[in-house]
Peer 1: 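The structure's right below; bear with me while I get my questions together.
Order of the sequence lines sets the chain letters (A, B, ...), proteins ahead of strands, with each chain counted from 1.
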4 protein chains.
Amino acid sequence: MTSAGASRPLRADARRNRARVLAAAEEVFAAKGTGASTDEVARAAGVGIGTVFRHFPTKEALLAAVLVDHLRRLAEQADALADARDAGAALFGFFTHVVEQAGGKNAYTGALAEAGVDVGGTTAEFGARMRSALERLLARAQRDGAVRPDVGVAELLALMVGVSRAGEHAGREVQARAAAIVLDGLRPRAADI
Amino acid sequence: MTSAGASRPLRADARRNRARVLAAAEEVFAAKGTGASTDEVARAAGVGIGTVFRHFPTKEALLAAVLVDHLRRLAEQADALADARDAGAALFGFFTHVVEQAGGKNAYTGALAEAGVDVGGTTAEFGARMRSALERLLARAQRDGAVRPDVGVAELLALMVGVSRAGEHAGREVQARAAAIVLDGLRPRAADI
Amino acid sequence: MTSAGASRPLRADARRNRARVLAAAEEVFAAKGTGASTDEVARAAGVGIGTVFRHFPTKEALLAAVLVDHLRRLAEQADALADARDAGAALFGFFTHVVEQAGGKNAYTGALAEAGVDVGGTTAEFGARMRSALERLLARAQRDGAVRPDVGVAELLALMVGVSRAGEHAGREVQARAAAIVLDGLRPRAADI
Amino acid sequence: MTSAGASRPLRADARRNRARVLAAAEEVFAAKGTGASTDEVARAAGVGIGTVFRHFPTKEALLAAVLVDHLRRLAEQADALADARDAGAALFGFFTHVVEQAGGKNAYTGALAEAGVDVGGTTAEFGARMRSALERLLARAQRDGAVRPDVGVAELLALMVGVSRAGEHAGREVQARAAAIVLDGLRPRAADI
DNA sequence: TATGAATGAGGATTCATTCAT
DNA sequence: AATGAATGAATCCTCATTCAT
């Protein structure tokens, strides 16, 4: 009850532990699905369970944190592309990149899925950030005639989620071919020009 | 040559109960995910747990049965379309239909996902049946110039799974628009003609 | 509610089934221990579980019946020996025979164990019969100087049980040597003569 | 080279609880047989079931631990006697002692039985220790002419198990008389001298 | 009478969460 | 703040027993 604020700065070692747990959780959940036990995460992080629960008071909170972390990274990447010279190429590149790295990992596609929808909490924050970065990119790509004009961010995200998820079962090449088809679908039809 | 079953015709009441359990399982798993408890399925079916386990000796077996049941239905529908006059329309119609009825229900997309991959057991049987029906439809649609020639069943299924899954979070309209984009991506490009 | 008596004569096929169940039970319990399920007994007997429970209203009852059956056989064998020329040899032979055929089978040693004690019910009946046959044999062997005079049936039975049980873990030869030692212990000491 | 344990010294309270669980298990299993439920053991120990399973990850493991604990005690007692002045008296005393304290308690005779056989795991360790202590005692007793020369440890153990087990049904006095007969059987015959 | 399906209490085990050290 | 032991509700599954066919 020292300061009062929402989230004291956190001692250096505590911050380090939080990061370790988060990283371990990402790895474990990606590898074994969200059903993996908290214990396993603790072991992977090299800390006691108590520590996991101190930082993330609930398993759900831990899962959310993993998603947020992922969204944050995606948002940053999208942000970095927002002003790219060739918006169309950037958008398609981002799509491909996301889908590839998701590579069927539950934890990642989960994060993506949340971005397309309005979940409460911090998740929303980064989801929104990514959405808006994507929105700008999409608008520019459409203005440039690289993407058909009747597509919205929502569909775009849904398709990213979809192709990512498809990869959970299909192999890498099938996923790549599916992605190619979707990207083609996003291009303007000849008739539209 | 039915992989395992066939033991005996099953008494009338037993068959009725088996069906009730299966229906309940489909509903429960679709609504709450495959994590729902067997107890809940039993309650939903209005039978004792013992009955559930008598018919499906393992939770996994129950889940598999749900999938098989779905695949069976899908396979039947695909079969029915195999000789349709307009193969392209039939294929697109099937795609839309599947994606719509999946409507984000775990159990359904799960079934679909299995079809694209070679899981062992009875699941494979119906998955294969559906794949081959789809294969015929696809080949004809390609011959008719309704679908681009470089698409395979694997991608087709992957996209069906993907769009279905995308619907788990996105709303109905977003899903529909995503589906439209994918279908467009499947059509031959102007240049190809 | 036809006759009234304690146990109607039982239809021919019913009697046959009872015997089949009993035989199966003996085999199954001997092989897998008394923990084996009633279902397994039914399957081994080639009848439905309902039939098992019709003849033996309880698993305990079934176990008891197995014991009784075994005791009955032992009693008959003991009876047959009661008038043997050489009582000592007969007694020792019986001991060896019992111990050998028990061969570590739970079901059999169980039966034996019950014989030495006053359990209620039918078990007692055959236990008593065997005890008395053994008693006569023992008395004669003692009169002949083949067995030390201070031994009672109770100890004799206890030792039969004990050596039989020892066989559950030890191998056959060890059991045989143990039996030899016990038999030696039963003989009169040199000094006693 | 302790087979599995040794991981870490175990916190003081944890060690206390482990001991409590073990003691409770010994009591419960001795009283009601190994079929008694783990729940019952937990209740008897005054801890939650979770605690039982934390210390003994399996019911089988718990049973094994009970056996090991007993074997350890027996091994210690046998060790203590190994150098006794009068080896014969010590051996007979040990036999009697073991048989008496087993007193028909399942758990105890179980432990004994395991000693005579080579079960894997830690059980073997203490079983072996006891066997070798007994071996030395036996050899000396035989050299002193207190025990017939053609007896091996295996038989000795088998007889200890046997007489202990016999006590499960027979009363205390009958068991004592049976033990006396066995001990007599172990002595050298007059003719052997 | 025989059958085998239905029942549900009971048992082993897991795991998120709390709390003493 | 970190640890890891303790907790017990929840879950899957088995099996003796009952009952409709």
Peer 1: Please report, rounded to the nearest Å, how far the C1' atom of E:dT3 is from the CZ atom of C:Arg43.
Peer 2: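 Taking atom C1' of E:dT3 as the reference, CZ of C:Arg43 is at 15 Å.
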Peer 1: Measure the CG-CD distance between C:Leu63 and C:Glu26 for me, rounded to the nearest 0.5 Å.
Peer 2: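 These two atoms lie 11.0 Å from each other.
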Peer 1: If I take atom CZ in residue B:Arg18 and atom P in nucleotide E:dG4, what distance separates them, rounded to the nearest angstrom?
Peer 2: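 Spelled out: CZ on B:Arg18 to P on E:dG4 is 18 Å.
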Peer 1: Listed by chain and number, what are the side chain to side chain contact (heavy atoms under 4.5 Å, CB included) partners of D:Ala36, not counting sequence neighbours?
Peer 2: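 Only D:Val28, D:Phe29, D:Lys32, D:Glu40 meet the side chain to side chain contact (heavy atoms under 4.5 Å, CB included) criterion with D:Ala36.
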Peer 1: For A:Ala25 and A:Val66, work out which heavy atoms get closest and say how close.
Peer 2: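 Distance-wise, the nearest heavy atoms are CB-CG2, 3.8 Å.
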Peer 1: OP1 or OP2 of E:dA2 less than 4.0 angstrom from a side-chain nitrogen or oxygen of C:Asn17, does that happen here?
Peer 2: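 Result: yes.
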Peer 1: Could I get the full list of salt bridge (charged side-chain N to carboxylate O under 4.0 Å, His left out) partners for D:Arg72, not counting sequence neighbours?
Peer 2: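 Partners of D:Arg72 by the salt bridge (charged side-chain N to carboxylate O under 4.0 Å, His left out) criterion, ordered by chain and then number, come out as D:Asp69, D:Glu76.
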Peer 1: Which atom pairs link the protein and nucleotides 13-17 of chain E when you take only N or O atoms and keep those under 3.5 Å?
Peer 2:
unit_1 : atom_1 : unit_2  : atom_2 : d
E:dT13 : OP2    : D:Lys59 : N      : 2.8
E:dA16 : OP1    : A:Lys59 : NZ     : 3.1
E:dA16 : OP2    : A:Thr38 : N      : 2.8
E:dA16 : OP2    : A:Thr38 : OG1    : 2.7
E:dA16 : O5'    : A:Thr38 : OG1    : 3.3
E:dT17 : OP2    : A:Lys59 : N      : 2.7

Peer 1: For D:Val47 and for B:Arg16, locate the closest nucleotide of DNA chain F by heavy-atom distance; then report the residue assigned to the nucleotide nearer the 5' terminus.
Peer 2: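 Here D:Val47 is the residue nearer the 5' end.
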Peer 1: Checking C:Phe56 now: which residues fulfil side chain to side chain contact (heavy atoms under 4.5 Å, CB included) with it, not counting sequence neighbours?
Peer 2: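 C:Arg18, C:Val21, C:Leu22, C:Ala61, C:Leu62, C:Ala65.
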Peer 1: Would you say A:Thr51 places a side-chain N or O within less than 4.0 Å of OP1 or OP2 belonging to F:dT3?
Peer 2: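 Yes, because at least one side-chain N or O of A:Thr51 sits under 4.0 Å from OP1 or OP2 of F:dT3.
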Peer 1: Taking atom C1' of F:dA16 as reference, at what distance in whole Å does atom CD of C:Glu40 sit?
Peer 2: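 Whole-Å distance recorded here is 14 Å.
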Peer 1: Please determine if a side-chain N or O atom of D:His55 lies less than 4.0 Å away from the OP1 or OP2 oxygen of F:dA5.
Peer 2: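 No, because none of the side-chain N or O atoms of D:His55 sits under 4.0 Å from OP1 or OP2 of F:dA5.
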Peer 1: Can you name the salt bridge (charged side-chain N to carboxylate O under 4.0 Å, His left out) partners of A:Asp39, sequence neighbours left out?
Peer 2: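 Applying salt bridge (charged side-chain N to carboxylate O under 4.0 Å, His left out) to A:Asp39 gives none.
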Peer 1: Rounded to the nearest 0.5 Å, what separates atom OG1 in B:Thr38 from atom CD1 in B:Ile49?
Peer 2: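 That separation rounds to 8.0 Å.
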Peer 1: C:Leu67 versus C:His70: any side-chain heavy-atom pair under 4.5 Å?
Peer 2: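 A side-chain contact under 4.5 Å is absent here.
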Peer 1: Can you measure C:Arg54 atom CZ to F:dC19 atom P for me and round it to whole angstrom units?
Peer 2: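 Result: 13 Å.
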Peer 1: If you look only at pairs with a residue in residues 51-68 of chain A, which of them pass as a salt bridge (charged side-chain N to carboxylate O under 4.0 Å, His left out), with sequence neighbours excluded?
Peer 2: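 Not a single pair qualifies under salt bridge (charged side-chain N to carboxylate O under 4.0 Å, His left out).
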Peer 1: Report the stems of DNA chain E as range-with-range entries sorted by first number; a stem here is at least three consecutive pairs, Watson-Crick or G-U wobble, both distances under 3.5 Å, and write none if there are none.
Peer 2: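 Output for stems: E:2-21 with F:2-21.
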